[in-house]
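These numbers come from a predicted model, not from an experiment.
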Amino acid sequence: MNNTAYMQFERAQWAELRNNVALPLSEEDLQQLQGINESLSIDEVIEIYLPLSRLLNLYVETQQYRHTVRDKFLNSNHEHVPYIIGIAGSVAVGKSTTARILQALLSLWPQHPKVALVTTDGFLRPNKDLVARNLMHKKGFPESFDIKALVDFVAAIKSGKESVSAPIYSHLTYDILPDQTLSVEKPDIVILEGLNVLQTAINYPDHPHRVFVSDFVDFSIFVDADMDLLKQWYIQRFLKFREGAFTDPDAYFHSYSKMSEREAITIASKIWDEINGVNLQENIRPTRDRANLVLNKATNHQVSSVKLRK
Ligand SMILES: Nc1ncnc2c1ncn2[C@@H]1O[C@H](COP(=O)(O)OP(=O)(O)OP(=O)(O)O)[C@@H](O)[C@H]1O
Ligand SMILES: CC(C)(CO)[C@@H](O)C(=O)NCCC(=O)O
């Protein structure tokens, strides 16, 4: 008996769905997509993300229709509130890249929805608070976030408020930027990505809240990959930062740009084993089965299978 809550698609089966997608991509669109990430292949966009954007576009339309039906029933006229797509998964799995691809593709559909992108990293507590709470080695763990501020933020977006602002986290300074905020001005769609998008009370035993981020998320995606690949991607990205952003003297990890590649790999590997890998096992992967859709990635970030809730 098949008692799973998901329909499972192998890569080839999912890719076939692109034949149902009537969205021709121009040369310019392809160039824009390629600009998101130099290692992203266009085949990957066409075979995996294009059908996914079509499905999401249909869900958004259906939601808008439901609101129209509700307004008819109530004999009133309420404004639409943004549709929220949540993207969860490990550090370095590619949440922000997935979010940017979907943002670009969704904006190309004929309705040209305005799509905003928000990362929950902005709700990490500033370093000074983490130091005071002895949590600097727990960045990304539930207790390192101001979860109440995050829930209030998504609730405000869903209330239809004209402008809602979020703090910004910088990977360069490794801290919340003191005088900058991101403002979300009632777009059609908000893509909210972060480690904690699907977390619930179990993850926050010391700060019990009755309402969670996922209560406001209309459609959730969990991006997953095997542990050894994730560690490898984390180390690769660390080395990329080391050659790029960390060479900036203002970078928190500037000293890493001066050490040998071998030393840098040892450090990245330790950070993975002691922080990000542990957080994945304890607090992130256990939320996977709450997602509406799971993208499983294999070597080179290629999606190997897709699971969609029945
Ligand atoms: N589809 C893809 N194709 C090729 N490379 C990718 C893809 N997605 C992500 N990557 C690479 O994987 C690494 C991690 O990606 P990204 O920064 O999007 O992850 P993330 O999950 O948002 O990480 P974090 O939680 O630390 O912010 C980056 O080096 C990125 O270039
Ligand atoms: C900011 C987070 C928590 C999530 O993106 C992560 O990238 C991070 O900084 N983790 C802490 C350990 C590390 O430096 O990777």
Side-chain angles (χ1 to χ4, degrees), residues 4-9 13-25 29 45-89 95 98-118 153-162 164 184-194 197-198 211-223 287-295 303 305-310:
T4 159
Y6 291 95
M7 291 177 260
Q8 165 107 17
F9 301 84
Q13 287 172 293
W14 181 264
E16 261 179 41
L17 299 170
R18 75 182 185 278
N19 298 328
N20 305 343
V21 174
L23 180 69
L25 295 174
D29 299 335
V45 171
I46 292 175
E47 296 184 5
I48 305 295
Y49 299 97
L50 192 56
L52 178 55
S53 78
R54 168 69 172 151
L55 179 68
L56 291 170
N57 192 53
L58 289 171
Y59 280 133
V60 175
E61 272 179 10
T62 309
Q63 175 87 316
Q64 287 168 349
Y65 178 69
R66 281 176 58 179
H67 287 164
T68 310
V69 172
R70 178 201 59 196
D71 287 352
K72 208 167 156 198
F73 170 71
L74 295 173
N75 201 14
S76 63
N77 201 358
H78 290 275
E79 281 177 84
H80 286 169
V81 297
Y83 187 92
I84 304 188
I85 298 170
I87 304 183
K95 297 177 301 299
T98 304
R100 288 165 68 201
I101 300 168
L102 290 177
Q103 179 189 35
L105 289 172
L106 286 166
S107 324
L108 291 173
W109 282 93
Q111 301 84 342
H112 294 293
K114 202 173 125 206
V115 189
L117 210 69
V118 181
F153 169 79
V154 278
I157 291 178
K158 272 299 191 192
S159 75
K161 216 171 150 188
E162 287 303 323
V164 186
V184 178
E185 321 232 308
K186 221 171 164 198
D188 303 298
I189 302 172
V190 174
I191 303 181
L192 178 70
E193 63 94 354
V197 164
L198 288 167
V211 183
F212 289 90
V213 175
S214 59
D215 292 324
F216 301 99
V217 169
D218 295 285
F219 191 89
S220 57
I221 299 172
F222 189 97
V223 189
T287 69
R288 179 182 57 193
D289 293 346
R290 305 190 62 238
N292 295 111
L293 183 133
V294 181
L295 284 180
V303 170
S305 64
V306 179
K307 289 197 314 180
L308 174 66
R309 236 181 226 287
K310 286 176 185 166

Side chain to side chain contact (heavy atoms under 4.5 Å, CB included) between Thr98 and Glu193, intermediate numbers included: CA-CA 9 Å; Thr98 304; Glu193 63 94 354; over 6 Å; no
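- The CZ atom of Phe73 sits 15.0 Å away from the OG1 atom of Thr68 when rounded to the nearest 0.5 Å.
- Pro187 and Ala116 make their closest contact through CG-CB, 3.7 Å (heavy atoms, listed as atom of the first residue, atom of the second, distance).
- Here the OG1 atom belonging to Thr4 is positioned 6.0 Å from the NZ atom belonging to Lys307, to the nearest 0.5 angstrom.
- Applying the side chain to side chain donor-acceptor pair (under 3.5 Å) rule to Asp215 yields no partners; only residues at least two apart in sequence or on another chain are considered.
- The side chain to side chain contact (heavy atoms under 4.5 Å, CB included) search around Ala155 returns Phe216, not counting sequence neighbours.
- Annotation: side chain to side chain donor-acceptor pair (under 3.5 Å) contacts of Arg288 (sequence neighbours excluded): Asp224.
- In this structure, the separation between CD on Gln64 and CZ on Arg66 is 12.0 Å, given to the nearest 0.5 Å.
- Every residue two or more places apart in sequence or in another chain that forms a ring pair (Phe, Tyr, Trp, His ring centres under 6.0 Å) with Phe9 is listed here: Trp14.
- Across every non-hydrogen atom of Gly86 and Val217, the tightest pair is N-CG1, 3.5 Å.
- Among the candidates Val118, Leu192, Val211, Val190, the single residue satisfying the side chain to side chain contact (heavy atoms under 4.5 Å, CB included) test with Val154 is Leu192.
- The shortest non-hydrogen separation linking Val197 to Ala88 is CB-CB, 4.2 Å.
- Here the straight-line distance linking atom OH of Tyr49 with atom CG of Leu56 works out to 12.0 Å at 0.5 Å rounding.
- Partners of Ser305 under the side chain to side chain contact (heavy atoms under 4.5 Å, CB included) rule, at least two apart in sequence or in another chain, are Gln8, Glu10, Asn296.
- Taken from CG in Leu52 to CG in Asn57, the straight-line distance is 11.0 Å, to the nearest 0.5 Å.
- Contact annotation: the side chain of Leu55 approaches that of Leu293 to within less than 4.5 Å [non-hydrogen atoms, C-beta and beyond].
- When every heavy atom of Val81 is checked against every heavy atom of Ser159, the shortest pair comes out as CG1-C, 4.1 Å.
- Sequence neighbours left out, the pairs with a member in residues 70-84 that pass side-chain hydrogen bond (donor to acceptor under 3.5 Å, both in side chains) are Ser76-His78, Glu79-Lys186.
- Note that the CG atom of Leu117 and the CZ atom of Arg100 stand 8.0 Å from one another [nearest 0.5 Å].
- No more than 12 heavy atoms of other residues, nucleotides or ligands sit less than 6.0 Å from atom NZ of Lys161.
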Going by atom type alone, with no hydrogens or angles, which donor-acceptor pairs under 3.5 Å involve a side-chain atom of residues 101-111 and a protein atom two or more places apart or on another chain?
{"from": "Gln103", "atom 1": "NE2", "to": "Val115", "atom 2": "O", "distance (Å)": "2.9"}
{"from": "Ser107", "atom 1": "OG", "to": "Gln103", "atom 2": "O", "distance (Å)": "2.5"}
{"from": "Trp109", "atom 1": "NE1", "to": "Ser53", "atom 2": "OG", "distance (Å)": "3.0"}
{"from": "Gln111", "atom 1": "NE2", "to": "Glu61", "atom 2": "OE2", "distance (Å)": "2.3"}

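- Legend: residues meeting side chain to side chain contact (heavy atoms under 4.5 Å, CB included) with Arg309, ordered by chain and number and at least two apart, are Ala5, Tyr6, Asn292.
- For Arg290, the side chain to side chain donor-acceptor pair (under 3.5 Å) partners are Ser214, not counting sequence neighbours.
- Counting all heavy atoms, side chain and backbone alike, Ile191 lies closest to Ala99 at CD1-O, 3.6 Å.
- In this structure, the salt bridge (Lys or Arg N to Asp or Glu O under 4.0 Å) partners of Asp218, at least two apart in sequence or on a different chain, are Lys158.
- In terms of heavy-atom proximity, Leu50 sits nearest to Ile46 at CB-O, 3.5 Å.
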